[in-house]
Amino acid sequence: MPFQSAGCHPGLAKTREAAWEWAESEGLDLSVAARRKMIRTRPELWISLIFPKASQDHLDLFCQWLFWAFLVDDEFDDGPAGRNPLMCEKAITRLVDVLDGAEPNGPMERALAGLRDRTCHGRSPQWNRQFRRDTAAWLWTYYAEAVERAAGQVPTRAEFAKHRRDSVAMQPFLCLHEITAGIELPDSARSLPAYIALRNAVTDHSGLCNDICSFEKEAALGYEHNAVRLIQRDRGSTLQEAVDEAGIQLARIAERVQRAEKELIEEIEAAGIEGPTRAALERCVQDYRGLVRGDFDYHARAERYTRPDLVELDERDSLSQHFAA
């Protein structure tokens, strides 16, 4: 890991308390198993490592997004909806409709509507388009996986790498970074090849880091959409050999981050970008390294990843209640 830690937000404990209070107020009544899993997940730790200098209000809001996203993730990775394409399609369609302004039904949809309103109000059309694209693309990856599972299909490593860029859900949080950084990227800046490459490299690093740390937990639950598992299948290697190869790939992605940073500075100069747009892009270059390091450190500290022995194999039947109307 070539990047220095930017530290951890001092408001972590307050954010954890605010997240659980928010969940209760939204009627997200977690089962005993789901509550234990969320405690092990520690969303407040990830958000505090990713955004160590955010305001407390932003930290609380972003942590509530993450809490909600982990509930979605556990439902479709481990729960019954992720193995039933029709059930999955219905649930994801509803969530995307609510993201687009539809009237919510049920606690998960109502929680999403509240997060949407608190986050998107007052943002520019350009920002809202990007955030909507990234969030909807993440949600639809669960449907793609459900269909592949039902069909008995396994993606190639190249196909999965493309899929993982959306399924890891880092892209929406790069949009949230703009809020806490006080910047606004115009479409021209979002279209710079090096900015796209930087964003993709940050996202790819998060996805592969997550897969390396999640492999044992996901293997216990029979979950095949994992880069380490695909390496193992493709190479016929041992688990340790697959993990070692994934670690080499992770280091190469960090090199891609550094290369994209350099190329972005060159493109800013070449395009004659000045003023607020230049400052916003430079802020992304400055902060994205901290995001990569914070994500890396989180995976080494949260029991969701460090204690695969705590996985409860009967969790699958206890999560779909969150999507009940």
Side-chain angles (χ1 to χ4, degrees), residues 12-13 15-48 62-92 94-95 104-112 114-115 138-139 141-143 145-146 149-150 167-169 209-226 228-229 298-325:
L12 181 152
T15 288
R16 178 177 60 243
E17 182 179 353
W20 284 98
E21 289 176 352
W22 166 83
E24 183 178 357
S25 71
E26 293 290 348
L28 298 174
D29 185 20
L30 277 64
S31 68
V32 173
R35 175 174 285 270
R36 281 197 295 260
K37 178 178 277 192
M38 189 63 72
I39 290 169
R40 296 196 303 268
T41 297
R42 300 185 68 191
E44 72 282 352
L45 175 62
W46 189 85
I47 216 73
S48 297
F62 300 166
C63 186
Q64 289 156 27
W65 267 111
L66 187 60
F67 193 112
W68 183 86
F70 272 122
L71 287 179
V72 172
D73 190 64
D74 288 340
E75 168 64 30
F76 293 106
D77 280 359
D78 306 339
R83 285 156 180 78
N84 182 324
L86 292 176
M87 185 188 300
C88 185
E89 179 188 15
K90 180 180 178 181
I92 297 301
R94 282 294 311 157
L95 292 177
N105 298 311
M108 283 297 287
E109 291 183 16
R110 286 193 293 271
L112 173 59
L115 292 169
W138 159 61
L139 287 168
T141 62
Y142 294 110
Y143 178 66
E145 292 184 14
R149 276 194 288 266
S167 73
V168 73
C209 184
N210 183 282
D211 282 357
I212 292 170
C213 295
S214 297
F215 175 78
E216 290 185 77
K217 171 182 77 74
E218 292 176 346
L221 293 167
Y223 182 74
E224 296 284 329
H225 286 75
N226 179 290
V228 176
R229 175 60 174 152
Y298 164 75
H299 283 90
R301 293 171 60 179
E303 286 188 338
R304 181 184 180 95
Y305 307 101
T306 63
R307 294 291 307 276
D309 56 302
L310 296 177
V311 168
E312 300 178 48
L313 296 180
D314 61 350
E315 287 174 352
R316 292 182 179 180
D317 296 329
S318 64
L319 298 169
S320 59
Q321 62 174 313
H322 300 310
F323 289 86

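All values reported here derive from a predicted model rather than from experimental measurement.
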>> Closer than 3.5 angstrom, by distance alone: can the side chain of Trp138 be matched with the main-chain N or O of Val168 as a donor-acceptor pair?
In response: no
>> Run the side-chain contact (heavy atoms from CB on, under 4.5 Å) test against Ala19 and tell me which residues pass, sequence neighbours left out.
In response: Cys63, Phe67
> Could you go step by step and tell me if Arg40 and Arg307 meet the side chain to side chain contact (heavy atoms under 4.5 Å, CB included) rule?
Replying inline: CA-CA 9 Å; Arg40 296 196 303 268; Arg307 294 291 307 276; 5.6 Å; no
>> What's the separation between atom CZ in Arg16 and atom CZ in Arg42, rounded to the nearest 0.5 Å?
In response: 7.0 Å
> Once you round to the nearest 0.5 Å, how far does NE2 of His299 lie from OG1 of Thr306?
Replying inline: 11.0 Å
>> If you compare all heavy atoms of Thr15 against all heavy atoms of Ile47, which two are closest, and at what distance to 0.1 Å?
In response: CG2-CG2, 4.2 Å
> So do Phe70 and Lys37 actually touch side chain to side chain, heavy atoms under 4.5 Å?
Replying inline: no
>> Checking Tyr298 against Thr41 for the side chain to side chain contact (heavy atoms under 4.5 Å, CB included) test, could you report, in this order, the C-alpha distance in whole Å, the side-chain angles of both residues, the deciding distance, and whether it holds?
In response: CA-CA 10 Å; Tyr298 164 75; Thr41 297; 3.5 Å; yes
> Quick one: does Asp211's side chain have a donor or acceptor within less than 3.5 Å of a partner on Asn226's backbone?
Replying inline: no
>> Show the nearest heavy-atom pair for residues Ile212 and Val228, with the distance to one decimal.
In response: CA-CG2, 3.8 Å
> Would Leu71 and Phe76 satisfy side chain to side chain contact (heavy atoms under 4.5 Å, CB included), going step by step from the backbone distance to the final call?
Replying inline: CA-CA 9 Å; Leu71 287 179; Phe76 293 106; over 6 Å; no
> When rounded to the nearest 0.5 angstrom, what distance separates NZ in Lys90 from CG in Asn84?
Replying inline: 11.0 Å
> About how many Å separate CD of Gln64 and CD of Glu21, when rounded to the nearest 0.5 Å?
Replying inline: 9.5 Å
>> How close do Leu66 and Pro43 get, counting heavy atoms only, and between which atoms?
In response: CD2-O, 3.4 Å
> Roughly how far apart are Phe62 CZ and Leu115 CG, rounded to 0.5 Å?
Replying inline: 11.0 Å
> Are any non-hydrogen side-chain atoms of Ser167 and Glu145 less than 4.5 angstrom apart?
Replying inline: yes
>> Using the side-chain hydrogen bond (donor to acceptor under 3.5 Å, both in side chains) criterion, which residues pair with Ser214? Sequence neighbours excluded.
In response: Asn210
> If you take all heavy atoms of Met108 and Trp68, which pair is closest and at what distance?
Replying inline: O-NE1, 3.0 Å
> What is the distance from atom CZ of Arg36 to atom CD1 of Ile39, rounded to the nearest 0.5 Å?
Replying inline: 9.0 Å
>> Is there a side chain to side chain contact (heavy atoms under 4.5 Å, CB included) between Asp74 and Arg304? Walk through the geometry before answering.
In response: CA-CA 11 Å; Asp74 288 340; Arg304 181 184 180 95; 2.7 Å; yes
